[in-house]
There are 2 protein chains.
Amino acid sequence: MPEPLYRQIAEHLRTRIDRGELRPGEQLPSEADLEEEFGVSRNTVRLAVAALANEGLIESRAGRGTFVRERRTITVLQSTEPQGIPLGPKDVFKSALEREGVVPEQDNFRMEFRRATPEVAARLQIEEGEPVVVRRMDRFVDGERWSQQESFYPKDIAEGTELMSPEDIPRGTVRVLAENGYVQTGFRDEINCRMPTREEAAFLGSPPGAPVLEIFRVAYSGERPIRLTITVYAGDSTQVAYEIGDVSARGESGRGSRDRETG
Amino acid sequence: MPEPLYRQIAEHLRTRIDRGELRPGEQLPSEADLEEEFGVSRNTVRLAVAALANEGLIESRAGRGTFVRERRTITVLQSTEPQGIPLGPKDVFKSALEREGVVPEQDNFRMEFRRATPEVAARLQIEEGEPVVVRRMDRFVDGERWSQQESFYPKDIAEGTELMSPEDIPRGTVRVLAENGYVQTGFRDEINCRMPTREEAAFLGSPPGAPVLEIFRVAYSGERPIRLTITVYAGDSTQVAYEIGDVSARGESGRGSRDRETG
DNA sequence: AAGTGGTCTAGACCACGGG
DNA sequence: CCGTGGTCTAGACCACTTC
């Protein structure tokens, strides 16, 4: 049994992309062209194209054509200070982005009350269904949707503090928590890689075949968890980094081409 | 324009899975059944099924049927000691796995000489094309393929040391490097989330719709990078974690259900 | 108007897996 | 053997984009 036709066609196109004959942003031959070139039916062509789309290599736009995807990657350098405020007066996202010349935008800030889902309850060490304060926002880079973030606070910690305000807090919630007696002493990050839910795909504008990168950060103040932050990034345009110990040697010499650094 | 038929069908099946009417491991109705249930052609049914498969929700096996995917997640707790040897005499993978009762297996150990690709050269701060020593292995958990790992050493560092041996080094290469004057003083981890290459999918047995999680760890010894380790995990069954500072409060109370911890 | 991809039908033959 | 999904054909109509 030979390789199925649609995979042969996919392989052929993949090779042309890998070799650089089809560069990022360039248009692939139309489905009609491919039918003729390979002498197959349109459905077979579409199977081949779908396979590449699911690998994240290409992207079809109705009425326009099919194009090789271009991706830049943004590196998010995570804080590795137990206190979580290593980068100056603003929050990590803003200050580090500005340092690197990327235009940061936050939008759709919202404050909500919810009941803890099992996922949230387990990480905050509270009971499922207990009230929590949620502060959420969307983030954009160069006008494109990039990440969604939600922070969960146990109600007793947020109550009576600035955390209840329905506005963004420019100086950062780590500071607000500290001012209220909850000095952050450490955190745990859990990083997942998965396909987006429909809602996430809709927000991020992910084509089929684009995964998301999800980070759970639980911040602790000595004896208890004080905050859970869940961030969902467009996976294939984001990289997260951690630096531990002495990495002073880094960055002196040639590093990956078009990467941008972010915090 | 209403929602396309195949998406309506996908949505219907998704709901049945979310509600628990179709549990992990259970078989979906056959394509013939779905044709009849929704009064559509087989191709339309297949579009719906393909959509769910690409979200990683279900998996089809030829001749058998289509099933709801079951996934356990293994948490890899990354070392956060600059020296990189926090967990005892064995390497991180083994000791932590044993601690948690997961059966670890390493296989297909190989040592190779190669020339640095641009990716490797940039991170090791050497020139593209310079010779590097590569030590690679595959890892299995409970008999299932789980990750692929390659470590790259500049040739001048590896030369004349145990790193050139074509055998696994049970006490860990961090120790070997230290014994040869390259004490690790820090590292940088870069974490990516993407769709697998065909080779990776073949090795990991990933169905369409399963992303991979890729970690680049560059270890430094004061003035220079001494090792680059690239690990590729089956993304949707792996979580990586970092703990910084005091997280002693963690783990005392209910944590995520069926997770297993690993390091 | 012409070209693109998106959706859908109604067939067909095949390989694989399990009784 | 029969039921499953895998591959493939040859049509059709549609919406959207570009000119």
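Numbers restart at 1 for each chain; the letters A, B, ... are given by sequence-line order, proteins then strands.
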Participant: Compare the minimum distances between each of D:dC8, C:dG5, D:dG5 and the side chain of A:Leu5, then state the nucleotide with the smallest one.
Facilitator: D:dC8

Participant: Would you find a donor on one side and an acceptor on the other, under 3.5 Å apart, between the side chain of B:Arg115 and the backbone of B:Gly129?
Facilitator: yes

Participant: Salt bridge check: are A:Arg136 and A:Glu112 linked by an N-O gap of less than 4.0 Å?
Facilitator: no

Participant: Please give me every residue in residues 59-68 of chain B whose heavy atoms get under 4.0 Å of an atom in DNA chain C, ordered by residue number.
Facilitator: B:Ala62, B:Gly63, B:Arg64

Participant: Checking the side chain of B:Arg135 only, and the main-chain atoms of B:Glu167 only, is there a donor and an acceptor separated by less than 3.5 Å?
Facilitator: yes

Participant: Starting at atom CD of B:Glu31, determine the distance to atom P of C:dC14, rounded to an integer number of angstrom.
Facilitator: 18 Å

Participant: Over how many whole Å does the gap from A:Phe38 atom CZ to D:dT7 atom C1' extend?
Facilitator: 17 Å

Participant: Would you call A:Arg198 and B:Glu11 a salt bridge, using N to O less than 4.0 angstrom?
Facilitator: yes

Participant: Strictly below 4.0 Å, N to O, side chains only: are B:Asp236 and B:Arg69 in salt-bridge contact?
Facilitator: yes

Participant: Among the nucleotides D:dT7, C:dC8, C:dG5, which one has an atom lying closest to any side-chain atom of B:Tyr6?
Facilitator: C:dC8

Participant: Does D:dT7 have OP1 or OP2 sitting under 4.0 Å from an N or O in the side chain of A:Thr44?
Facilitator: no

Participant: Cation over ring, A:Arg188 on B:Tyr242, under 6.0 Å and within 45°?
Facilitator: no

Participant: Is the number of heavy atoms from other residues, nucleotides or ligands within 6.0 Å of CD (B:Glu36) greater than 12?
Facilitator: no

Participant: Check nucleotides 10-13 of chain D for protein N or O atoms closer than 3.5 Å to its own N or O atoms and list the pairs.
Facilitator:
unit_1 : atom_1 : unit_2  : atom_2 : d
D:dA10 : N6     : A:Asn43 : ND2    : 2.6
D:dA12 : N6     : A:Arg42 : NH1    : 3.3

Participant: Specify the separation, in whole Å, of atom CG of A:Leu47 and atom P of D:dG6.
Facilitator: 11 Å

Participant: Measure from the side-chain heavy atoms of B:Ser30 and tell me the nearest of C:dG6, D:dT4, C:dT4.
Facilitator: D:dT4

Participant: Minimum heavy-atom separation for A:Ala241 and A:Thr75, please, with both atom names.
Facilitator: CB-CG2, 3.9 Å

Participant: Name the residue closer to the 5' end of DNA chain D, choosing between B:Arg46 and A:Val45 according to the nucleotide with the nearest heavy atom.
Facilitator: B:Arg46

Participant: Is the terminal nitrogen or CZ of A:Arg123 (NZ for Lys, CZ for Arg) located under 6.0 angstrom from the six-membered ring centre of A:Phe216 and within 45° of that ring's axis?
Facilitator: yes

Participant: Return the value, rounded to whole Å, for the distance between atom CG of B:Leu34 and atom C1' of D:dG3.
Facilitator: 14 Å

